[in-house]
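Written out below as structure tokens is the structure these notes cover.
Each chain gets a letter, A, B and so on, in the order the sequences are listed, and its residues count up from 1.
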Protein chains: 2
Amino acid sequence: MKVSNPTSRDIAEIAGVSQATVSRALRNSPLVREETREKIQQIARDLNYFVNRNAAGLRTHQSNTIALLLFDETEGRHAVINPFFLSMLGFITRAASKHGYDVLISMQQLSDDWHIEYQASHRADGLILLGYGDYVTYRAKLAALARANTRFMIWGPTINDQPGHSIGCDNINGGCQATNHLLQLGRRSIAFLGSTSKRSPELAARYDGYCAAHHDAGVPLNERLNIPAWSAAGEGYRAVEELLQRREPFDAIFAVTDVIAIDAMRALKDNGYAVPDDVAVVGFDDISLAEHVTPSLTTVRQDITLAAEGLVDGIVGLIRGEPVESTLMAPQLVVRASCGAR
Amino acid sequence: MKVSNPTSRDIAEIAGVSQATVSRALRNSPLVREETREKIQQIARDLNYFVNRNAAGLRTHQSNTIALLLFDETEGRHAVINPFFLSMLGFITRAASKHGYDVLISMQQLSDDWHIEYQASHRADGLILLGYGDYVTYRAKLAALARANTRFMIWGPTINDQPGHSIGCDNINGGCQATNHLLQLGRRSIAFLGSTSKRSPELAARYDGYCAAHHDAGVPLNERLNIPAWSAAGEGYRAVEELLQRREPFDAIFAVTDVIAIDAMRALKDNGYAVPDDVAVVGFDDISLAEHVTPSLTTVRQDITLAAEGLVDGIVGLIRGEPVESTLMAPQLVVRASCGAR
DNA sequence: ATACACAGATGAAGCGGTTCATCAGTATGC
DNA sequence: GCATACTGATGAACCGCTTCATCTGTGTAT
């Protein structure tokens, strides 16, 4: 028996039952006798039948899909997304499929209403937002999302009265650990490469940790060692050149992301500085290549497996109407060669 | 006027027209007077109305979605996907949205029928397959896809009588360019790090190019310089250690991917070899970090923007029923520091 | 014997669009 | 004046599934 594009009615006919019974049997409903159920499922397999998701979704008002929105630090011009988020994407996909959800990705803001559109058009049951994005325009979107009753989870800091739920890492603590480590190694002139702007609160929090560590150790801050940099290709390099031009002595760098740190190390070497002997370097994120550059990069690790699972658990919880809590995860310093600790 | 979850019927009522007219107006059908159309579209905007994709898809048998399947070299155990494919993912998403398509990602083989399921369940209108995957199991899937009339595009080589359409880069030529370059720089003992197995024909083709270059230059191949390696973290490192254990002199390495090359450079330094003075290194793919490691990596670039657009154009063409041709793109050698050419 | 519960199955409504067939009304041709 | 064409709109069928309301037949209590 061959049917080109079988429907549940075709299966019902072959099995000699009603179409409604087929629908139940395929979803393992206890209202169908086991014998009947298995017979129906066997026929479905034989015919290569799969439930039409559009029809099912239309009826149930669900799509079993999660939309993943990736923000870019650099105004979307560069196609390069921070590898940290790209690898997170992998874990999110895996976690989602455990719950039976597909993942739809979007990397650009199609319309002004993209954020609402995904759920309103029933393409996705909920959203996950990723990125060290610009929080000023970002938060406006969040408010709109909340107004439109969209379910969403954010990767990032939990900011007071910020709408929605989030999972993030304790960036202040992370920045503090990194800086502390450098201070304990005897470094006293630690340059900061990154953003301190409130537009990127995650990165700004890392700077806050950097300041806190100085304060705790009684080491004065030197504002002239603070160089703005984004996580785009070439930014770390440029930042080091800017730092050198300032002619301010420094013996360490805390870069706000690994992407910046790795790029900065290249600039240091090109300018005749040895890492870690002349300048110790610590990054943040622990992207997969951090371990594989030379010297291997000391950095602050965020557990992205846990983060991804938390984000997915959260959004699934929201979809089911369960209470969901925002979480702050503890980051962990990973000591490698670039800091000179060994 | 407020409606919580507006449908086209709500809009029809407000506009004083039939629901059918609303449907047409929203899709800019010329069968609706312009004045009427704009009035309807305005109401839709005011109500935050978006077409229910499930309903539309049910009727039209389309989903306007492309499924992107990522294969992993390492049997799916490691969550790390080659950055080359991750960045390709970004370009594919962009290209797809230009055509009005969403992208659904999948990184694991859920069921045995995952490949058929996406289209049969109307979740996606077509598939794009990415990865330096194992072609033995892979090709069996391709055949099944073709049998099930699934539309799909493959990133990879066009193999004789392989079912389906593909876009790939001329890996033989790329391998040849890389090896030629090393030979012209006077290197005579070039180690090959990668796979020569027919299970990964893309990588094997790069090896073929390596052989061809040797042949053209009249330099004999040394089989003892051929070290198997995958593109997983730590593999390049391990491969170099294996190479050193063989105690076979070598003055260059051609690594079949940048991931391997970067890892290999680290191993070389850890063992006291200078790159490029003692050992010149050339990679393949030109992942974003190739430029930013120390020394910067000479490699063979594949134009992933073009590749992504080609894959999307191809799958969209197949969906529309247009004829689609498989393409082979020319790779380009990018000379940086790791080969010692400057 | 009658009532009742219950397991297993069925019929039909409805989800929210798209599109075919149809129609009213005005303009055009002979 | 009547047939014809064309524009702008309508009504209704239909896509394939989920689920509520029903129904049938068998087993158990009264």
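- Distance CD1/B/Ile304 to CG/B/Leu311: 11.0 Å, rounded to 0.5 Å.
- The main-chain N or O of B/Asp125 is found under 3.5 Å from a side-chain atom of B/Arg151 such that the two form a donor-acceptor pair.
- Put simply, the side chain of A/Trp155 reaches to within 4.5 Å of the side chain of A/Phe85, judged on heavy atoms.
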Please list each protein N or O that sits under 3.5 Å from an N or O in nucleotides 8-10 of chain D, with the distance.
{"unit_1": "D/dA9", "atom_1": "OP1", "unit_2": "B/Arg33", "atom_2": "NH2", "d": "2.9"}
{"unit_1": "D/dA9", "atom_1": "OP1", "unit_2": "B/Thr36", "atom_2": "OG1", "d": "2.7"}
{"unit_1": "D/dA9", "atom_1": "OP2", "unit_2": "B/Arg33", "atom_2": "N", "d": "2.7"}
{"unit_1": "D/dT10", "atom_1": "OP1", "unit_2": "B/Ser18", "atom_2": "N", "d": "3.3"}
{"unit_1": "D/dT10", "atom_1": "OP2", "unit_2": "B/Ser18", "atom_2": "N", "d": "2.8"}
{"unit_1": "D/dT10", "atom_1": "OP2", "unit_2": "B/Ser18", "atom_2": "OG", "d": "2.9"}
{"unit_1": "D/dT10", "atom_1": "OP2", "unit_2": "B/Thr21", "atom_2": "OG1", "d": "2.5"}
{"unit_1": "D/dT10", "atom_1": "O4", "unit_2": "B/Arg24", "atom_2": "NH1", "d": "3.3"}

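- B/Thr65 places a side-chain N or O within 3.5 Å of a backbone atom of B/Ser63 that can act as its donor or acceptor partner.
- Between B/Glu309 and B/Arg94 there is no salt bridge, since none of the side-chain N atoms of the basic residue sits less than 4.0 Å from a carboxylate O of the acidic one.
- When the C1' atom of C/dG16 is taken as reference, atom NE2 of A/His122 falls 9 Å away, rounded to whole Å.
- Put simply, the side chain of A/Ser326 gets close to the backbone of A/Ser166: a donor and an acceptor are under 3.5 Å apart.
- Side-chain atoms of A/His165 come within 3.5 Å of backbone N or O of A/Val324 as a donor-acceptor pair.
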Strictly under 3.5 Å: I want the nitrogen or oxygen pairs between protein and nucleotides 14-16 of chain D, one per line.
{"unit_1": "D/dC14", "atom_1": "O2", "unit_2": "B/Arg59", "atom_2": "NH1", "d": "2.9"}
{"unit_1": "D/dG16", "atom_1": "N2", "unit_2": "A/Ala55", "atom_2": "O", "d": "3.4"}

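- Panel note: side chain B/Glu117, backbone A/Phe50; no donor-acceptor pair is recorded below 3.5 Å.
- The CZ-C1' distance, from B/Phe50 to C/dG17, rounds to 16 Å in whole Å.
- Following rounding to the nearest Å, A/Glu38 (CD) and C/dG8 (P) show an atom-to-atom distance of 14 Å.
- Atom CZ of A/Arg53 and atom P of C/dG16 are 19 Å apart (whole Å).
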